[in-house]
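Okay, structure first, notes after.
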Amino acid sequence: MTERPGGLDSPDETLRRGARHLADVHPRLDARLIERIVFESHATLARGARNRSHLPPLALKFAADRLRALEVADGAGEGGAAEGRPVRVLVESIRNDGISQMAAAFLNALGDGRVEALSAAINPADQVLRTVVDVMEEDGVPVDESYPKPVTDDIARAADIIITMLIEHPFDLRPGQRIEAWDFDDPAGLGTDEVRRIRDRVRRQVTEFLAALPT
């Protein structure tokens with residue numbers, strides 16, 4: 001494709017350039033596989049997006065998470081978490097626009113480097129709930145750069161622990177994985193005070209989860 005007027009790259013060129021960069025970052029992975037995952041990630045996010053102008057950079061972030069997951073899954077093999085790296089946690093919810101974003105953000109912020117958390121959804125929303133963004137900003141754990149994304153097999157297989165929130169995990173567990181179900185109200189449609197209470201409950205749950213992890 002050609003450049004757009006004014007010299008701006010087309011979405012396809014942005015994705016191809018991003019794929020070349022990711023190939024440099026992940027030299028062990030085939031460049032054709034990387035480009036396929038980049039374009040597949042873009043197509044997946046585009047299915048539910050109302051505004052597509054912001055999709056290429058989000059697709060590249062999503063693809064980067066998936067490629068990292070592929071490498072981690074290869075390293076973990078069948079034996080669970082590899083020694084010397086953070087415990088990978090995948091938090092799953094219905095739309096990935098509220099509680100799962102909160103949980104993943106708290107896991108990363110409070111985990112002191114011991115945890116690497118991602119969140120994902122069965123049916124991703126278009127954006128994170130505004131009330132969730134606001135109350136997390138109040139608590140000093142921003143999620144304003146987060147975005148809803150789908151659960152994929154590659155990201156799921158790379159997780160050591162899967163936390164489900166109001167859903168069933170859509171894939172079979174690999175050997176070494178474990179799963180926890182956390183029961184929380186859905187913040188969609190709730191007022192700010194109610195969402196704050198959910199946020200505080202999620203923070204407490206995360207704190208208990210981290211305290212129980214092996215040191």
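Every value quoted in this text rests on a predicted model; they were computed, and no experiment measured them.
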Looking at side-chain heavy atoms only, is the closest gap between [X] and [Y] below 4.5 Å?
X: Ser41; Y: Lys149; result: no
X: Thr131; Y: Leu190; result: no
X: Phe209; Y: Leu107; result: yes
X: Glu71; Y: Leu67; result: no
X: Leu60; Y: Pro56; result: no
X: Val132; Y: Asp97; result: no
X: Val195; Y: Asp134; result: no
X: Leu166; Y: Ser93; result: no

Quick check: closest heavy atoms across [X] and [Y], and the distance to 0.1 Å?
X: Arg174; Y: Ala159; answer: NH2-O, 3.2 Å
X: Val151; Y: Phe171; answer: CG1-CE1, 3.5 Å
X: His42; Y: Leu15; answer: CG-CD1, 3.7 Å
X: Ala109; Y: Val141; answer: CB-CG1, 3.9 Å
X: Arg199; Y: Met102; answer: CA-SD, 3.8 Å
X: Pro148; Y: Gln101; answer: N-NE2, 3.9 Å

List, one per line, each side-chain donor-acceptor pair under 3.5 Å for residues 112-124, sequence neighbours excluded.
residue, atom, partner, partner atom, Å
Arg114, NH2, Leu210, O, 3.1
Glu116, OE2, Arg88, NH1, 2.3
Ser119, OG, Asn96, ND2, 2.9

Nearest 0.5 Å, please: how far is [atom2] in [Y] from [atom1] in [X]?
X: Arg66; Y: Leu33; atom1: CZ; atom2: CG; result: 9.0 Å
X: Asp154; Y: Leu70; atom1: CG; atom2: CG; result: 5.0 Å
X: Arg157; Y: Asp172; atom1: CZ; atom2: CG; result: 9.5 Å
X: Gln177; Y: Asp160; atom1: CD; atom2: CG; result: 7.5 Å
X: Ile155; Y: Asp65; atom1: CD1; atom2: CG; result: 5.5 Å
X: Asp186; Y: Ile198; atom1: CG; atom2: CD1; result: 7.5 Å

task: For the residue pair Asp12 and Ser10, confirm or rule out a side-chain donor-acceptor distance under 3.5 Å.
output: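 No, no side-chain donor-acceptor pair sits under 3.5 Å.
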query: Would the number of heavy atoms belonging to other residues, nucleotides or ligands and lying under 6.0 Å from CG of Asp144 be above 12?
result: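 Yes, the 6.0 Å shell around CG holds more than 12 heavy atoms from other groups.
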- request: Inspect the surroundings of CG in Asp183 and state if more than 12 heavy atoms from other residues, nucleotides or ligands are less than 6.0 Å away.
  value: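 No.
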message: Salt bridge or not between Asp193 and Arg196? Use side-chain N to carboxylate O under 4.0 Å.
response: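 A salt bridge links Asp193 with Arg196.
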- prompt: Does the distance from a Lys or Arg side-chain N to an Asp or Glu carboxylate O, for Arg201 and Glu208, drop under 4.0 Å?
  reply: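 No, no charged N to carboxylate O under 4.0 Å.
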- request: Determine whether Val89 and Leu213 fall in the same hydrophobic cluster, where Ile, Leu, Val, Met, Phe, Trp and Tyr are linked whenever their side-chain heavy atoms lie under 4.5 Å apart.
  value: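 Val89 and Leu213: one cluster.
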message: My understanding is that only residues two or more places apart in sequence, or in another chain, count here; which of them pass salt bridge (charged side-chain N to carboxylate O under 4.0 Å, His left out) with Asp200?
response: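 By the salt bridge (charged side-chain N to carboxylate O under 4.0 Å, His left out) rule, Asp200 matches no residue at all.
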- request: Return each pair, listed once, that meets ring-ring contact (aromatic ring centres under 6.0 Å, His included) where at least one residue sits in residues 109-164; pairs must be two or more places apart or across chains.
  value: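 The answer is none; no pair qualifies.
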query: Counting distance only, does the side-chain N/O of Asp30 pair as donor-acceptor with the main-chain N or O of Arg32 below 3.5 Å?
result: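 Yes.
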